[in-house]
Amino acid sequence: MTSPFVAVAGAAGGLGQLVVMELIKRGMAVKALVRPNTDPSRTEKLRGANVTITPVDLSSIPALTRELTGAMCVVSTLQGLRDVIHTVQGKLLEASVAAKVPKFIPSDFSLDFTKTKPGSNRNLDLRREFHGQLKKSGIAWTSILNGGFMDLMVGDSPMINHKSRKVAYIGSTTQLLDFTTMADTAAYTAAVAVDPKPAPNFLRIASDVVNVKDIAEAQTNVEGPRYKASWMGSIGSAEFMIRVLRLLGGENETFPAWQGMQYMANMFSGAGKLEPLDNNRYPELTWTKIEDFFREHKNKK
């Protein structure tokens with residue numbers, strides 16, 4: 001590409017595709033980086049939008065540097081464990097620096113791991129540790145923190161049981177929780193990527209901030225039958241169960257049962273709470289309320 005463009009790594013994934021499409025809406029040229037031999041069906045929507053699909057060896061810094069030269073920003077939506085978050089994303093970062101890319105957005109998209117206790121959440125620890133590489137790189141970077149993805153609350157959600165009409169929680173019903181849709185996250189990420197103004201290292205967003213009673217009420221309003229908050233124990237008991245379950249394995253899985261419990265503990269303890277929010281940085285963006293999201297999902301079904 002000869003004109004300025006944004007490179008999106010992990011563009012075949014759910015969030016990656018949404019980011020690419022939001023950049024296209026803004027009239028930005030996009031280079032969608034995917035792994036070689038990626039199933040064409042995963043990039044069909046992008047090809048339909050005339051996006052440049054670029055298979056590249058993500059383990060090769062020279063290959064990545066060639067593809068990133070001329071980019072105004074690199075957005076990473078890569079997901080995985082240490083081999084991805086540290087090693088693969090680390091090479092993407094090195095190549096971005098070598099290609100003199102002005103801005104890098106790492107694949108954080110999570111709770112506020114700057115406030116959570118090390119060891120309390122393995123996946124958040126990996127992101128925090130990667131920031132050591134970011135700080136040494138010399139590149140301008142912005143991490144976007146969006147709380148929990150609202151999308152994970154529909155379908156086979158571990159939090160909402162539609163048969164019993166119960167919304168599971170630990171700790172207190174009054175604890176406020178941050179949720180953002182993947183679509184809203186992608187729109188905000190695209191805005192940051194094309195913004196000519198310098199951005200802070202951390203931007204915090206949430207489509208909606210609710211407690212467990214708000215979630216139950218939203219489900220009731222959408223479904224009709226009454227949903228109730230269902231207490232599953234204290235934060236301490238959940239942390240004990242996490243330690244027990246972790247002894248049974250799952251370290252090589254991206255999202256074992258205990259990992260989900262770690263997120264739940266971080267949210268309901270308030271440790272990963274996002275504040276203050278930076279939702280107003282881009283006034284043209286709109287935010288999806290949780291009841292509207294539930295209703296939209298039901299209508300799609």
Side-chain angles (χ1 to χ4, degrees), residues 1-24 26-40 42-43 46-47 49-110 126-144 186 189-203:
M1 288 185 174
T2 54
S3 59
F5 65 93
V6 174
V8 179
L15 180 60
Q17 290 199 39
L18 290 171
V19 171
V20 171
M21 297 308 293
E22 287 293 335
L23 288 165
I24 294 296
R26 289 177 172 271
M28 176 56 59
V30 182
K31 183 178 285 189
L33 304 182
V34 300
R35 297 176 186 272
N37 302 318
T38 296
D39 190 325
R42 298 184 62 196
T43 56
L46 300 183
R47 289 197 305 275
N50 295 318
V51 175
T52 301
I53 309 296
T54 306
V56 61
D57 181 359
L58 296 179
S59 67
S60 171
I61 293 177
L64 283 168
T65 302
R66 285 194 298 272
E67 298 300 342
L68 298 180
T69 298
M72 59 181 290
C73 178
V74 170
V75 179
S76 172
T77 62
L78 299 168
Q79 294 296 321
L81 299 181
R82 183 175 297 274
D83 60 326
V84 175
I85 299 300
H86 283 205
T87 305
V88 177
Q89 188 171 228
K91 292 183 184 300
L92 182 69
L93 176 61
E94 287 186 56
S96 298
V97 173
K100 297 182 171 56
V101 177
K103 182 163 50 179
F104 188 92
I105 299 177
S107 186
D108 289 335
F109 308 111
S110 61
L126 292 174
R127 284 156 172 76
R128 185 189 300 107
E129 292 161 8
F130 178 72
H131 277 231
Q133 297 183 50
L134 271 177
K135 292 172 183 176
K136 293 178 182 178
S137 70
I139 199 170
W141 56 272
T142 295
S143 175
I144 298 170
T189 301
V192 175
V194 302
D195 191 347
K197 303 187 303 293
N201 288 142
F202 290 96
L203 288 170

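The basis for the numbers below is simple: all heavy atoms, side chains too, and nothing from hydrogens, waters or symmetry mates.
- Between the CZ atom of Phe5 and the SG atom of Cys73 there is a distance of 11.0 Å, given to the nearest 0.5 Å.
- The two residues Ala29 and Ser3 make their nearest non-hydrogen contact at CB-OG, 4.3 Å.
- Listed by chain and number, the residues in a ring pair (Phe, Tyr, Trp, His ring centres under 6.0 Å) with His86 amount to none (sequence neighbours excluded).
- Between Arg47 and Pro40 there is a side-chain heavy-atom pair separated by less than 4.5 Å.
- Judged by distance alone, the side chain of Gln89 and the main-chain N or O of Ser107 form a donor-acceptor pair under 3.5 Å.
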* Asked: Going through the checks in order, is the side-chain contact (heavy atoms from CB on, under 4.5 Å) test met by Leu33 and Leu68?
  -> CA-CA 10 Å; Leu33 304 182; Leu68 298 180; 3.8 Å; yes

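- For the atom pair Leu93 CG and Ile139 CD1, the distance stands at 6.0 Å (nearest 0.5 Å).
- With sequence neighbours left out, Pro200 forms a side chain to side chain contact (heavy atoms under 4.5 Å, CB included) with Leu203, Arg281.
- Below 30°, between 30° and 60°, or above 60°: for Trp141 and His131 the angle between ring planes is above 60°, a perpendicular geometry.
- Contact of the Leu58 side chain with the Leu64 side chain is registered, since non-hydrogen atoms from C-beta on lie closer than 4.5 Å.
- Not counting sequence neighbours, Ser110 has no partner by the side-chain hydrogen bond (donor to acceptor under 3.5 Å, both in side chains) test.
- Here the CG atom belonging to Asp108 is positioned 12.0 Å from the OG1 atom belonging to Thr77, to the nearest 0.5 angstrom.
- The side-chain hydrogen bond (donor to acceptor under 3.5 Å, both in side chains) pairs that include a residue from residues 189-200 are Asp195-Lys197, Asp195-Tyr282, where partners are two or more places apart or lie in different chains.
- For the atom pair Leu92 CG and Ser59 OG, the distance stands at 12.0 Å (nearest 0.5 Å).
- Annotation: salt bridge (charged side-chain N to carboxylate O under 4.0 Å, His left out) contacts involving residues 49-75, sequence neighbours excluded, comprise Lys31-Glu67.
- Residue pairs meeting the salt bridge (charged side-chain N to carboxylate O under 4.0 Å, His left out) criterion with at least one partner in residues 85-106, sequence neighbours excluded, do not occur; the list is empty.
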Report, one line per pair, each donor and acceptor closer than 3.5 Å where one atom sits in a side chain of residues 15-24; sequence neighbours left out.
residue: Gln17; atom: NE2; partner: Ala12; partner atom: O; Å: 3.2
residue: Gln17; atom: NE2; partner: Arg42; partner atom: O; Å: 2.6
residue: Glu22; atom: OE2; partner: Lys25; partner atom: NZ; Å: 3.2

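- The CD1 atom of Ile85 sits 7.0 Å away from atom CG of Leu126, with the distance rounded to the nearest 0.5 Å.
- Residues Val97 and Phe104 are not in side-chain contact: their nearest non-hydrogen atoms beyond the backbone lie 4.5 Å or more apart.
- Applying the side-chain hydrogen bond (donor to acceptor under 3.5 Å, both in side chains) criterion to Asp39, with sequence neighbours excluded, gives Ser41.
- In this structure the side chain of Gln79 never reaches within 4.5 angstrom of the side chain of Val84, judged on heavy atoms.
- When the side-chain hydrogen bond (donor to acceptor under 3.5 Å, both in side chains) test is applied to Thr142, no partner is found at least two apart in sequence or on another chain.
- Residues meeting the salt bridge (charged side-chain N to carboxylate O under 4.0 Å, His left out) test with Arg128, sequence neighbours left out: Asp125.
- Applying the salt bridge (charged side-chain N to carboxylate O under 4.0 Å, His left out) test to Arg26 and every residue at least two apart in sequence or in another chain returns Glu284.
- The salt bridge (charged side-chain N to carboxylate O under 4.0 Å, His left out) analysis of residues 75-89, with sequence neighbours excluded, yields the pairs Arg82-Glu129.
- Annotation for Ala140 and Pro102: closest pair CB-O, 3.4 Å, computed over non-hydrogen atoms.
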